[in-house]
Each structure stands twice: as structure tokens, then as C-alpha cells.
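Chain letters run A, B, ... following the sequence lines, proteins first, then strands; residues in each count from 1. These values consider heavy atoms only, across backbone and side chains, with no hydrogens, waters or symmetry-generated copies.
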Number of protein chains: 2
Amino acid sequence: MLALDAKTHSGGTADRIVEVAQRLLQTRGYNGFSYADIALELGLTKASLHHHFCTKAHLGDSVVRRHLEYAQTVLRGIDAEGLDAFESLRRYAQVYEDVLLGDRMCLCGILAAEFDTVPALIQESISEFFRFNAQWLAQTIARGRAAGSVRGSGSDEELAQLLLSTLEGALLICWPGRDRARLSGTVRLLLESLRA
Amino acid sequence: MLALDAKTHSGGTADRIVEVAQRLLQTRGYNGFSYADIALELGLTKASLHHHFCTKAHLGDSVVRRHLEYAQTVLRGIDAEGLDAFESLRRYAQVYEDVLLGDRMCLCGILAAEFDTVPALIQESISEFFRFNAQWLAQTIARGRAAGSVRGSGSDEELAQLLLSTLEGALLICWPGRDRARLSGTVRLLLESLRA
DNA sequence: GTCTATAGGCAGATAGAC
DNA sequence: GTCTATCTGCCTATAGAC
């Protein structure tokens, strides 16, 4: 754990830069923030940032890759809890509510909207994020159907796409007004429709 | 009709500017395009654009307001066809598929993602767009339930939010890869779940 | 209505001192 | 690793001729 921490936080400044960049990405999008914003917030200069991340594209890529790994850890963590599949789906949906609670939009959701203007380097990681989420959902749905706790028509993959779409879309629509109640209501109804 | 056209197209150049701006907004977002892009495409100069739209915020506002009116016309047009409510919902969903077919993302979806960085002038129209869509969906759902062609739990308004969220989210996820087949599959499954 | 020219600012990025 | 200073380029926007 200490060794892992030492590795993860090898350069304290680089990590702080990534964290601020991630928050700005999730609230303002890739084209909505600059090195100046990060420098101001961390009390550094733009030149210092370039020492850690040579280009904005590389910084963005670091943020998205780190987030992808984090998401994978979270989903494997849900699996490790040994919950019923339906409860796993509930946990998954709760993550979207937590994102809005933290005053953020989904990182890859906002980047998907801006996709055409995002550096090619980052585009692949965005697609991979959705692919991984859909795959985990399909597996969890399959498990729930086998156990009789999850229902719904269509293949596991199709139902996973439906679930993912609804959560991403609900977060997107509730994001402008930070409408946690509306998001919560939509999540509740969605889960209800999946409960066997 | 001629009079309406004459009014709508009062200044031919202004309309062409709005149309190009709309396409750029729907593909690149508000922070992803500039007056230079439009000027280049129309063979004008940036200064000429400022003659028609004094600021970028006003141009964006014109695009969104016009689109809101267009959406209202489309939905009232669906109502005027006298279809069964479920068929109206199918038409509605088809609009999202048509948007991707036209190589575009939902205008207000992309602007919702960028919400915090969009001029305040435009923010209100974005919220109004979703409000209007949700209202139309709730009314159509109510009509379908009364006629026995639409099913689903939750209030009309909650189900409308669920439908809107799923369509917006499906378009968002399919946008990066222009994945029309995936969008089509999600739409089909969604409609299936609503058919009484 | 369209142009040339330009202002004024901020973007991403680099050089080189410390 | 951080700084100052600077470069180049694009951005939105304006002035004023035609």
C-alpha cells in the first residue's frame, strides 16, 4: 500500500495538476479550460505545468487514462462485494448520482460531446471507457438474469446499452441545473424497470 | 407560405450564417468553433459576420432560439398527424436517429455538456428546450396510457424524463463512433419497453 | 453589406536563468 | 522544479473606407 502510494504519488505536483485538470474537464470540458486556470489555482506558472505535461493533449490523456483505471477499480470493487446482480446495478447507478453530488458531469460524457475537437490521443480512451462500462453492465445483467433478479427484453449487451444510455443522458440533462432530485427520480424508475 | 418564407429569409446572409453556425455547434460545440470557421466556409470575412451578429453569444443565441422554435414546430406537426400516441413516440425517437444520420449531435445536448462555459444568454434557451421536450413527452405518454397503447411505471412526467434521458444518452454515446446501428438498437429496445 | 486593417487579449508552448 | 520573459498564433471585436 505504501509502495503503491509512493508509485502513484511519485511526483506530488504532477498529481495535483491532474486532479485540478480533471475537475476542470468535468465542469468546463476540454475546450473550456486552459493551463492558466490550473496554474492560477495551484499557485504555479504555466511554464511549470509544461515541465510536467509537455502538451495539453498529454495532460488530458493522463486524466482520462487515470480515470479509466479508476473506473475499472470501482467496478471490480462492486464485483468483489459479492452482491446480488441487481444490487450491483443499483451501486453502479449510485455512482452517477455521486458524480452530480460532487458538482461534476461525467468525464467521458462531456468529452464524448466534444469528441470531434478532442485530440486523437484522447479519443481512443473515451471509446474504451464506454466499451468497458457496457461490458461490465452486460455481464452483471447476465448474472442477474441467471439468478432471476434482473428482467428486461433484448440481449444482455442491448440492455446494457440501454442502461448506460439512460444514466449518461439523465446526468447530461440534470447537469445544467444540478438537478439531483430529477436524476434520482430517473434512476429509481430505471432500476424499477429492471427489477425482476 | 411565400410571406412566411420572405419573413424567415429576410436577410439571406444572416440565415446562411446561422445555418453554418448551427452545424458547427452540433459537431464541435460552442467552444470548438470560431467566426473564422464560418467566414471561411461562406467566403466572407469575420468583420462581415459581426455586421449580422454583433457577438458570438448573440449568434449562438439566435441558433438555439431558432432551433427551439423548429423543435416546437416538429412536435406540433407530429400531433397534427393524428397518430396513436405510441406511434408519436416512435416518430419522436426517429428524430434522434435522423440527427445522427445527418452527422450531428443534439444541439442542446452538446450545449448542456458545455453549460458552465456557455454565455448566460444561451443557457436559458437550453433549459427551455429540455423543458418543452419533457412536457410534450409527458402529454403524449398520458394520451397513450389513456388509450392503452403505452405502458410503464412512474408518473407521466417521470416516464417522460426517462425517455428523454435515454434518447439523449444514446445519441451522446453513439456520437463519437457515428454508431447508427447501436443507436437504432437502443431506440428499438426503449420503444419495446413502452409498448402496452 | 462587405471589405482591409488592426486592436487587445489569451491560448499553447519554449528558452534559459536559478 | 520553478521561475521570468517571450514567441507565435488565434480569438473576439472594432474602425473606417468603399
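Residue T45(B) is in base contact, counting any heavy-atom pair closer than 4.0 Å across all strands shown.
In this structure, S48(B) does not reach the dG1(C) phosphate: none of its side-chain N or O atoms is under 4.0 Å from OP1 or OP2. Residue S34(B) places no side-chain N or O under 4.0 Å from the OP1 or OP2 atom of dC10(D).
dT4(D) atom C1' lies 14 Å from atom CG of L44(A), rounded to whole Å. One atom, CG of D15(A), and another, P of dG1(D), lie 12 Å apart when rounded to the nearest Å. Atom CG in L40(B) sits roughly 17 Å away from atom C1' in dT12(D) (whole-Å rounding). Atom C1' of nucleotide dT14(C) and atom CG of L49(A) are separated by 14 Å, given to the nearest angstrom. Between the P atom of dA15(C) and the NE2 atom of H51(A) lies a distance of 15 Å, rounded to the nearest Å. Spacing between atom CG of L42(A) and atom C1' of dC3(D) amounts to 16 Å, rounded to whole angstrom units. Here the C1' atom of nucleotide dG1(D) and the CD1 atom of I17(A) are 10 Å apart, to the nearest Å. Residue H58(B) contributes atom NE2, which lies 15 Å from atom P of dT12(D) at whole-angstrom precision.
Within the 3.5 Å criterion, the main-chain N or O of D61(A) finds no donor-acceptor partner in the side chain of R66(A).
Taking only side-chain atoms of A36(A), from C-beta outward, the nucleotide of dA11(C), dT2(C), dT2(D) with the closest atom is dA11(C).
Contacts of R178(B) classified as side chain to side chain contact (heavy atoms under 4.5 Å, CB included), with partners at least two apart in sequence or in another chain: D116(A), L100(B), D103(B), W175(B). The side chain to side chain contact (heavy atoms under 4.5 Å, CB included) test applied to A142(B) returns D156(B), not counting sequence neighbours.
Between R90(A) and E97(A), none of the side-chain N atoms (NZ, or NE/NH1/NH2) sits under 4.0 Å from a carboxylate O, so this pair counts as no salt bridge. Under the 4.0 Å criterion applied to side-chain N and carboxylate O atoms, R28(A) and E114(B) are not assigned as salt-bridge partners.
Contacts of residues 112-123 of chain B with DNA chain D (heavy atom under 4.0 Å): none.
Between the side chains of E192(A) and S153(B), a donor-acceptor pair is found at a separation under 3.5 Å.
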Contacts table for residues 42-49 of chain B: side-chain donor-acceptor under 3.5 angstrom, sequence neighbours left out:
unit_1: T45(B); atom_1: OG1; unit_2: S48(B); atom_2: N; d: 3.4
unit_1: T45(B); atom_1: OG1; unit_2: S48(B); atom_2: OG; d: 3.2

Which pairs would a plain distance check flag for residues 119-129 of chain B, meaning a side-chain donor or acceptor within less than 3.5 Å of a matching protein atom at least two apart in sequence or in another chain?
unit_1: Q123(B); atom_1: NE2; unit_2: F115(B); atom_2: O; d: 2.8
unit_1: Q123(B); atom_1: NE2; unit_2: V118(B); atom_2: O; d: 3.3
unit_1: E124(B); atom_1: OE2; unit_2: R131(B); atom_2: NH2; d: 3.0
unit_1: S127(B); atom_1: OG; unit_2: Q123(B); atom_2: O; d: 3.4
unit_1: E128(B); atom_1: OE1; unit_2: R131(B); atom_2: NE; d: 3.1
unit_1: E128(B); atom_1: OE1; unit_2: R131(B); atom_2: NH2; d: 2.8

Contact list (N/O, under 3.5 angstrom) for nucleotides 13-17 of chain D vs protein:
unit_1: dA13(D); atom_1: OP2; unit_2: K56(B); atom_2: N; d: 2.8
unit_1: dA13(D); atom_1: N7; unit_2: H50(B); atom_2: NE2; d: 3.2

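Within a 6.0 Å radius of CZ in R104(B), other residues, nucleotides and ligands contribute more than 12 heavy atoms.
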